[in-house]
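Here is the structure we will look at.
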Amino acid sequence: MHRFKLSLRFPKSISSSYRAIHDKTQFDNAGPVASVLKSRAVVRFRGPDTVKFLQGLLTNDVRRFGEAVGENTSTLATPNLPFASEAPMYAALLTPQGRFLYDFFLYAPPRPDTKLDKTGSGPGPDPDEALELFADVDASVLDELLSTLKKYRLRSKVDIENMAEELYCWQRFGGNLSEKSFSVEEPEAAGVGWGAGVDPAGMSASHGGPLGWQWFKDPRLDCLGFRGIFPSNTTPPLVEADKETDEQNYLLWRIENGVAEGSAEIPKGEAIPLEYNLVGLNAISFDKGCYVGQELVARTHHRGVIRKRLLPLRFVKDSGEAEQKVSPGSEVIDSVSEKKVGTITTQLGCRGLGVLRLDKAFKGSNTLTIQGQKDIKVEAIRPHWWPAEWLQEPQHQSAVV
């Protein structure tokens with residue numbers, strides 16, 4: 001199927017089409033939009049040791065994918081009910097020293113025992129068939145990531161396969177999408193058929209066909225919308241012809257919400273997971289047991305004080321917004337004390353992300369500037385999804401000291 005590559009047309013440039021996080025954006029007026037994420041690639045894990053292998057590596061509790069389907073999910077294979085499927089999971093692989101390496105969005109396709117056969121009249125494939133999991137990962141480090149995983153594999157019975165040509169990752173976001181839908185799966189795409197309506201992707205999945213992919217709520221935050229992996233030669237359900245937009249718009253949406261993604265935005269081998277808010281993004285389990293790099297993560301978490309965190313930033317000048325004037329790696333300083341406050345990690349137009357000291361970022365004195373560019377002011381913004389205690393931690397530490 002031919003896919004039309006259309007971008008939404010805005011009266012302003014992408015970098016200036018947004019204002020504050022709580023303001024009405026042009027995406028709110030345009031409604032939900034979707035982007036194919038060429039910055040991500042899909043990997044498949046298959047074999048009897050799949051869950052055990054990933055459980056010993058990743059920060060989240062992968063055992064959920066190996067458990068029996070719960071009571072809240074239908075396992076009855078019928079064209080009139082949603083097929084059984086697990087919600088995706090966000091996780092990370094760390095260095096032995098507890099620094100970030102790669103992030104993973106894990107997906108489990110519908111289980112074989114929840115499908116009908118090709119005729120739709122009998123049980124599907126053998127329920128003892130080897131477990132499959134898929135992951136969308138940072139495409140820029142795909143070869144390196146695959147090499148790292150295969151080094152850890154040793155004698156584990158799990159095949160690791162590059163599926164980047166067969167499957168694409170998509171994100172659906174914007175408008176009031178997260179407000180109007182509360183199910184784990186996008187309701188319109190999860191059901192095989194309700195009444196007179198039939199969803200072809202869902203029907204294919206219930207019959208064991210190859211196109212049974214669907215939209216899931218982003219496992220990090222509701223405000224990020226829906227995510228899924230789909231065959232590379234098709235357009236996902238619910239993507240209107242005039243609502244497919246450039247991936248840069250998704251990047252801007254994440255920046256607005258203070259969420260980094262991938263090894264470029266979360267510096268590989270350097271980033272401390274808790275400073276990049278991976279706990280708040282549901283990427284870390286503190287109950288699962290051992291995994292690579294666990295010691296530093298657990299110690300930092302239980303100490304209870306995170307002095308620096310990743311924040312959404314706005315770059316402004318006296319004449320207005322400062323577009324394309326700041327680059328990743330630039331240092332943010334306090335113009336009064338001349339001391340470093342943090343570092344810019346991501347930039348798009350006049351917006352960006354940076355890891356800043358919380359006690360300096362929100363003191364309200366408007367003294368943050370870019371090192372060597374004192375005409376550019378830096379405004380830090382608190383994302384609406386942050387828990388209140390994150391801002392209380394530095395204050396509590398200062399009182400203790």
Side-chain angles (χ1 to χ4, degrees), residues 1-18 21 25-43 88 90 103-105 107 134-140 142 163-181 185-186 188-189 201 211 213-266 281 312 346-349 351-353:
M1 177 186 296
H2 179 70
R3 181 170 66 243
F4 291 96
K5 302 292 291 181
L6 301 178
S7 295
L8 292 178
R9 297 183 179 273
F10 296 121
K12 298 183 180 180
S13 67
I14 180 175
S15 58
S16 61
S17 63
Y18 281 83
I21 285 180
T25 69
Q26 295 194 32
F27 279 151
D28 289 328
N29 297 325
V33 294
S35 297
V36 57
L37 306 185
K38 292 299 183 68
S39 63
R40 308 294 292 184
V42 178
V43 175
Y90 188 48
D103 61 353
F104 295 71
F105 291 83
Y107 309 80
F134 291 81
D136 81 67
V137 299
D138 188 336
S140 68
L142 177 60
M163 301 290 290
E165 296 298 323
E166 293 83 359
L167 296 168
Y168 284 169
C169 178
W170 287 73
Q171 190 85 17
R172 189 164 174 257
F173 61 99
N176 61 348
L177 184 64
S178 61
E179 298 173 7
K180 70 179 183 179
S181 183
E185 306 152 354
E186 170 62 63
E188 297 170 80
L211 302 181
W213 302 101
Q214 59 192 115
W215 292 107
F216 293 93
K217 267 199 170 181
D218 193 300
R220 296 168 295 180
L221 299 168
D222 286 352
C223 61
L224 294 178
F226 287 78
R227 196 177 183 101
I229 52 177
F230 299 89
S232 57
N233 62 346
T234 65
T235 298
L238 307 179
V239 177
E240 300 174 28
D242 61 342
K243 295 297 177 68
E244 183 179 339
T245 188
D246 191 90
E247 185 177 352
Q248 290 288 85
N249 285 322
Y250 168 60
L251 170 58
L252 190 56
W253 185 260
R254 285 194 292 101
I255 289 175
E256 289 271 335
N257 286 285
V259 178
E261 185 175 294
S263 301
E265 297 177 28
I266 311 176
L281 298 177
T346 306
Q347 175 271 335
L348 184 63
R351 305 305 296 264
L353 296 171

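Keep in mind the model is a prediction, meaning the values are calculated, not measured.
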* Is there a side-chain contact between E265 and L251 (heavy atoms, below 4.5 Å)? -> yes
* Ignoring hydrogens and angles, tell me if any N or O in the side chain of S232 forms a donor-acceptor pair with the backbone of Y168 under 3.5 Å. => no
* Taking C-beta and beyond as the side chain, do L348 and Q248 meet within less than 4.5 Å on heavy atoms? -> yes
* To do: Give the minimum heavy-atom separation between R172 and L238, together with the two atoms involved.
  => NE-O, 3.6 Å
* Parallel, tilted or perpendicular for Y107 and F216, by the 30°/60° rule? -> tilted
* Quick one: CD on E261 to CG on L353, what's the gap to the nearest 0.5 Å? -> 11.5 Å
* Are L142 and V43 close enough that some pair of their side-chain heavy atoms sits under 4.5 Å apart? -> yes
* **W215 ring center near F230 ring center (under 6.0 Å)** => yes
* To do: Evaluate the side-chain proximity of N249 to W253: yes if any heavy-atom separation is below 4.5 Å, no if none is.
  => no
* In plain terms, say whether K38 and E247 are close enough for a salt bridge, that is, a side-chain N and a carboxylate O under 4.0 Å apart. => no
* In Å and rounded to the nearest 0.5 Å, what is the CZ to CZ distance from R220 to R254? -> 6.5 Å
* side-chain contact (heavy atoms from CB on, under 4.5 Å) between E166 and V42, intermediate numbers included -> CA-CA 8 Å; E166 293 83 359; V42 178; over 6 Å; no
* To do: Identify the heavy atoms of F173 and L224 that sit nearest to each other, and give their distance.
  => CB-O, 3.6 Å
* **Matching residue for V33 among D246, D242, T245, V239 - test: side chain to side chain contact (heavy atoms under 4.5 Å, CB included)** => T245
* Structure fact -> By salt bridge (Lys or Arg N to Asp or Glu O under 4.0 Å), D103 pairs with (sequence neighbours left out) R40
* To do: State, yes or no, whether a side-chain contact exists between R227 and L37 at a heavy-atom distance under 4.5 Å.
  => yes
* Close side-chain approach of V259 and L221, heavy atoms under 4.5 Å -> yes
* Side chains of Y90 and P219: closer than 4.5 Å at any heavy-atom pair? -> yes
